[in-house]
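Here's the structure, in structure tokens; my notes come after.
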Amino acid sequence: MNEIKKPTIVFMGTPEIAEIVLENIYLKNYPILAVVTQPDYQPKGKPDNLISPVKKLALEKNIPISQPQRLDVDFKKWLEGLKPDLIIVTAFGKIIPKEILAIPKHKSLNVHASLLPKLRGASPIQNALTNGMAETGITIMLMDKGIDTGDILSQKKISIESEDDYVTLTGKLAVIASHLLIDTIPDWINKSITPKKQDTAQATMCQLIEKSDGKINWTEDAQDIYNKFRAFRVWPGIFTFWENKGNLQKISLNEISVEINISGKRYHLGEIFRYSDSKIGIQANNGVIILGKIQLAGKNETSVDDFLNGYPNFIGSILK
RNA sequence: CGCGGGGUAGAGCAGUCUGGCAGCUCGUCUGGCUCAUAACCAGGAGGUCGCCGGUUCGAAUCCGGCCCCCGCAA
């Protein structure tokens with residue numbers, strides 16, 4: 001790696017993956033002028049504001065913080081005043097106008113958690129999992145006015161293990177992202193990288209996740225249901241409905257596993273049955289979902305064994 | 001004052017409407033049975049029924065206030 005004068009950086013990002021990338025930039029002694037992150041979120045009934053992981057780290061390291069509601073004229077003026085050499089964006093969560101992207105001398109780079117042009121958009125990690133993909137990766141690219149359509153500077157692949165879920169995969173990708181970024185910045189400043197156009201014909205877009213996407217359809221393959229569980233681990237989770245004494249009650253499946261080698265008798269799709277002495281299963285297509293921890297709406301999370309002590313009629317019902 | 005569910009033994013729940021001995025399943029302890037077991041049989045321990053006040057001969061239950069947990073919406 002060539003020696004360069006380190007560019008001054010404004011970092012824009014919000015969740016854990018952004019925090020890890022930011023931390024590595026900080027540890028490598030890049031001058032960070034400011035971080036920009038989403039406004040604090042105040043949940044009802046909780047005493048404390050939830051602050052983004054990026055903000056938490058910035059507070060710890062005494063880096064100036066901006067949390068604009070909108071990226072408007074005032075924000076632009078503020079940013080111009082900082083005269084950054086480079087903007088780094090990682091999972092920021094808002095679309096950034098191109099006037100802002102154009103401010104830094106060395107433009108704006110985006111760290112995206114997929115192998116572009118695959119999985120452009122807001123939720124690449126979850127979509128890699130729901131699609132059952134065998135590999136994904138990190139792309140660092142120049143930002144333009146489209147969503148993840150900019151020219152590619154560098155990429156790194158990672159294989160997705162069958163036991164990976166959103167948490168573990170995000171962790172792995174974050175580490176790769178932070179290293180790839182540190183390797184890429186000097187080459188970009190030195191102009192020793194030629195940006196590559198994306199092959200638009202190969203592009204796929206990932207849709208924004210909604211809470212309702214967590215609803216389980218018991219006619220789906222067991223493996224697909226399990227993939228959804230892995231992808232939605234942190235949010236929105238997966239859920240189904242149980243008819244108990246005439247009431248439809250929402251049940252979240254917070255901890256499950258899957259058995260795809262089906263043996264023995266089959267049940268109705270969505271039917272709950274005793275899969276073995278210690279396992280409670282739900283029949284899905286081409287496999288069985290094994291319950292670990294579940295949560296009835298309005299109640300605390302419990303193990304399925306505890307749940308059955310209170311609701312013995314659970315076994316034999318059919319989930320909807 | 002956004003909408004809704006909940007707080008009962010170590011865990012999960014019923015009982016509350018219609019006030020009248022504190023219950024169920026599991027766990028735990030003791031004993032029995034068994035080659036053996038997360039099995040089976042018998043017995044026991046374990047409760048401030050979230051907190052405060054009110055009504056009543058009598059309150060987990062009815063009335064008023066408060067605290068806490070959770071789901072939805074944002």
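Computed over heavy atoms, backbone and side chain alike; hydrogens, waters and symmetry mates excluded. So that the names make sense, note that chain A is the first sequence line, chain B the second, and so on, each numbered from 1.
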Could you tell me the Watson-Crick or G-U partner of [N], where both distances fall under 3.5 Å? Say none if there is no partner.
N     : result
B:U16 : none
B:A38 : none
B:G46 : none
B:G71 : B:C3
B:A9  : none
B:G64 : B:C52

Pick the [atom1] atom in [N] and in [M], then give their distance to the nearest Å.
N     : M     : atom1 : answer
B:G6  : B:U48 : P     : 23 Å
B:A59 : B:A22 : C1'   : 13 Å
B:G43 : B:G23 : P     : 16 Å
B:G46 : B:G10 : C1'   : 9 Å
B:G44 : B:C24 : P     : 12 Å
B:U61 : B:U55 : P     : 15 Å
B:U8  : B:C51 : P     : 10 Å
B:G27 : B:G65 : P     : 43 Å

salt_bridge(A:Glu60, A:Lys56) N-O dist < 4.0 Å
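Looking at A:Glu60 and A:Lys56, the cut-off is not met.
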Backbone N/O of [Y] and side chain of [X]: donor-acceptor pair under 3.5 Å:
X        : Y        : result
A:Trp188 : A:His106 : yes
A:Glu220 : A:Ala284 : no
A:Thr204 : A:Leu119 : yes

Which parts of residues 299-310 of chain A get close to RNA chain B, meaning a heavy atom less than 4.0 angstrom away?
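Residues of residues 299-310 of chain A that come under 4.0 Å of RNA chain B are, in numerical order, A:Lys299, A:Asn300, A:Thr302, A:Asp306, A:Phe307, A:Asn309, A:Gly310.
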By a strict heavy-atom criterion of less than 4.0 Å, which residues belonging to residues 290-297 of chain A are in contact with RNA chain B?
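Heavy-atom cutoff 4.0 Å gives A:Gln295, A:Ala297.
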Hey, can you tell me if A:Phe273 and A:Tyr267 have their rings parallel, tilted or perpendicular (30° and 60° cut-offs)?
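A:Phe273 vs A:Tyr267 ring planes: parallel.
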Nucleotide [N], atom [atom2] - distance to [atom1] of [X] in whole Å:
X        : N     : atom1 : atom2 : value
A:Tyr275 : B:A38 : OH    : C1'   : 19 Å
A:Gln249 : B:C13 : CD    : C1'   : 12 Å
A:Lys250 : B:C3  : NZ    : C1'   : 14 Å
A:Ile280 : B:U25 : CD1   : C1'   : 14 Å
A:Tyr311 : B:G15 : OH    : C1'   : 14 Å
A:Asn244 : B:G12 : CG    : P     : 17 Å
A:Asn247 : B:G71 : CG    : P     : 19 Å
A:Phe239 : B:A73 : CZ    : C1'   : 14 Å

Qualifying residues under side chain to side chain contact (heavy atoms under 4.5 Å, CB included), relative to A:Asn29, sequence neighbours excluded:
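Only A:Lys6 meet the side chain to side chain contact (heavy atoms under 4.5 Å, CB included) criterion with A:Asn29.
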Got a sec, which residues hit side chain to side chain contact (heavy atoms under 4.5 Å, CB included) with A:Gln67, two or more places apart in sequence or on another chain?
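Testing A:Gln67 for side chain to side chain contact (heavy atoms under 4.5 Å, CB included), a comparison that skips the adjacent residues, returns A:Thr37, A:Asp40, A:Lys55, A:Ile65.
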Output all residues satisfying salt bridge (Lys or Arg N to Asp or Glu O under 4.0 Å) with A:Glu301, sequence neighbours left out; order by chain, then residue number.
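Checked A:Glu301 against salt bridge (Lys or Arg N to Asp or Glu O under 4.0 Å); zero matches.
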If you group Ile, Leu, Val, Met, Phe, Trp and Tyr whenever their side-chain heavy atoms sit less than 4.5 Å apart, what else falls in with A:Leu79?
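Besides A:Leu79, the hydrophobic cluster comprises A:Val10, A:Met12, A:Leu33, A:Val36, A:Leu71, A:Phe75, A:Trp78, A:Leu82, A:Ile87, A:Val89, A:Phe92, A:Ile96, A:Ile100, A:Leu101, A:Ile103, A:Met143, listed by chain and residue number.
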Heavy-atom closest pair, residues A:Gly121 and A:His112:
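Residues A:Gly121 and A:His112, closest heavy atoms: O-CE1, 3.2 Å.
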Hey, which sits more toward the 5' end of RNA chain B by its nearest nucleotide, A:Gly298 or A:Ser252?
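The residue whose closest nucleotide sits nearer the 5' end is A:Gly298.
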Residue from A:Arg230, A:Arg233, A:Lys228 passing salt bridge (charged side-chain N to carboxylate O under 4.0 Å, His left out) with A:Asp165:
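Of the listed residues A:Arg230, A:Arg233, A:Lys228, the salt bridge (charged side-chain N to carboxylate O under 4.0 Å, His left out) partner of A:Asp165 is A:Arg233.
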Under 4.0 Å between a side-chain N or O of A:Lys211 and OP1 or OP2 of B:A73?
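Answer is yes, contact under 4.0 Å.
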